[in-house]
Amino acid sequence: MKIIIINGPNLNLLGKREPEIYGYDSFDLYYKNLQNKFPSIHFTYFQSNIEGELIDKLHEVGFTYDGIILNAAAYTHTSVGIGDAVKAIETPVIEVHISNVYAREDYRHHSYIAANAKGVITGLGLKSYDLAVESFL
Ligand code: DQA
């Protein structure tokens with residue numbers, strides 16, 4: 001099974017960025033542990049701060065991978081283009097968020113991705129990604 005994790009803007013700073021919200025762990029360390037936890041899965045990881053690069057990656061993997069775990073970060077709340085890309089591809093997408101977006105500012109309550117995602121997991125820290133993987137198994 002081929003699963004890609006796609007992280008959007010500012011998630012390269014996990015561990016350093018607002019740790020009281022996003023935690024103290026870097027994504028690199030978390031990702032290594034995730035790979036060890038699910039040895040049968042072929043994982044790929046992609047992070048970009050650029051909206052178009054995220055769309056290009058969705059197009060690239062969206063007809064061949066078995067699952068996409070997408071944390072589009074701030075673009076979740078602003079990007080019609082990423083929402084359209086999720087709709088355009090065949091591979092199911094699980095939208096994840098580390099923080100509980102519904103417990104935060106109003107502008108984080110709307111997602112352009114959710115309506116076309118298979119499901120949404122929000123607020124469970126990095127564990128949100130584990131649960132998304134399990135949902136594909
Ligand atoms: C986030 C929530 C978004 O609102 C925010 O812009 C992020 C991260 C999360 O994982 O909690 O950058 O997607």
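Indexing begins at 1, ligand by ligand and atom by atom, following the structure's order. As the structure is a prediction and not an experimental result, all values here were calculated from the model.
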Among all protein heavy atoms, pick the one closest to atom 1 (C) of ligand 1 and tell me residue, atom and distance.
His97 ND1, 3.7 Å
With heavy atoms under 4.0 Å as the rule, classify the contact between Arg17 and ligand 1 as side chain, backbone, both or neither.
side chain
What part of Val96, side chain from CB on, backbone N/CA/C/O, both or neither, has a heavy atom under 4.0 Å from ligand 1?
neither
Regarding ligand 1, does Ala74 bring an N or O atom to under 3.5 Å of one of the ligand's N or O atoms?
yes
Reported CD-to-OH distance for the pair Gln47 and Tyr31, which is rounded to 0.5 angstrom:
13.0 Å
Partner of Ile68 by side chain to side chain contact (heavy atoms under 4.5 Å, CB included), out of Val61, Ile5, Ile3
Val61
Could you state the interatomic distance from OH (Tyr30) to CG (Leu14), rounded to the nearest 0.5 Å?
11.0 Å
Hey, does the side chain of Tyr75 reach the backbone of Ile82 with a donor-acceptor pair shorter than 3.5 angstrom?
no
CG/Leu58 to CD1/Ile4 distance, rounded to the nearest 0.5 angstrom?
8.0 Å
How far is atom 11 (O) of ligand 1 from the closest protein heavy atom, and which atom is that?
Ser99 OG, 2.6 Å
Residue part near ligand 1, for Ile21, under 4.0 Å between non-hydrogen atoms
neither
Give the residue and atom name of whichever protein heavy atom lies nearest to atom 6 (O) of ligand 1, and the separation in Å to one decimal.
Arg108 NH1, 3.0 Å
For atom 7 (C) of ligand 1, find the nearest protein heavy atom and state the residue, atom name and distance (0.1 Å precision).
Tyr22 OH, 3.4 Å
Close approach, Glu105 and ligand 1, non-hydrogen under 4.0 angstrom
no
Side chains of Asn7 and Tyr45, donor plus acceptor under 3.5 Å:
yes
Could you tell me the residue and atom name of the protein heavy atom closest to atom 4 (O) of ligand 1, and the distance to it rounded to 0.1 Å?
His77 NE2, 2.7 Å
Quick check on Lys37: does its NZ atom have over 12 non-hydrogen neighbours (other residues, nucleotides or ligands) under 6.0 Å away?
yes
contact_flag Asn71 ligand 1 heavy-atom lt 4.0 Å
yes
So which heavy atom in the protein is nearest atom 9 (C) of ligand 1, and how far is it from that ligand atom?
Ile98 N, 3.3 Å
Val101 neighbourhood, listing ligand 1 atoms whose heavy-atom distance to it stays under 4.0 Å
2 (C), 4 (O)
Would you tell me whether Asn71 and Tyr129 have side-chain atoms, one donor and one acceptor, within less than 3.5 Å of each other?
yes
Answer with yes or no whether Thr76 contacts ligand 1, where contact means a heavy atom under 4.0 Å from a ligand atom.
no
State, without any angle test, whether Ser111 and Glu95 hold a side-chain donor-acceptor pair at a distance under 3.5 Å.
yes
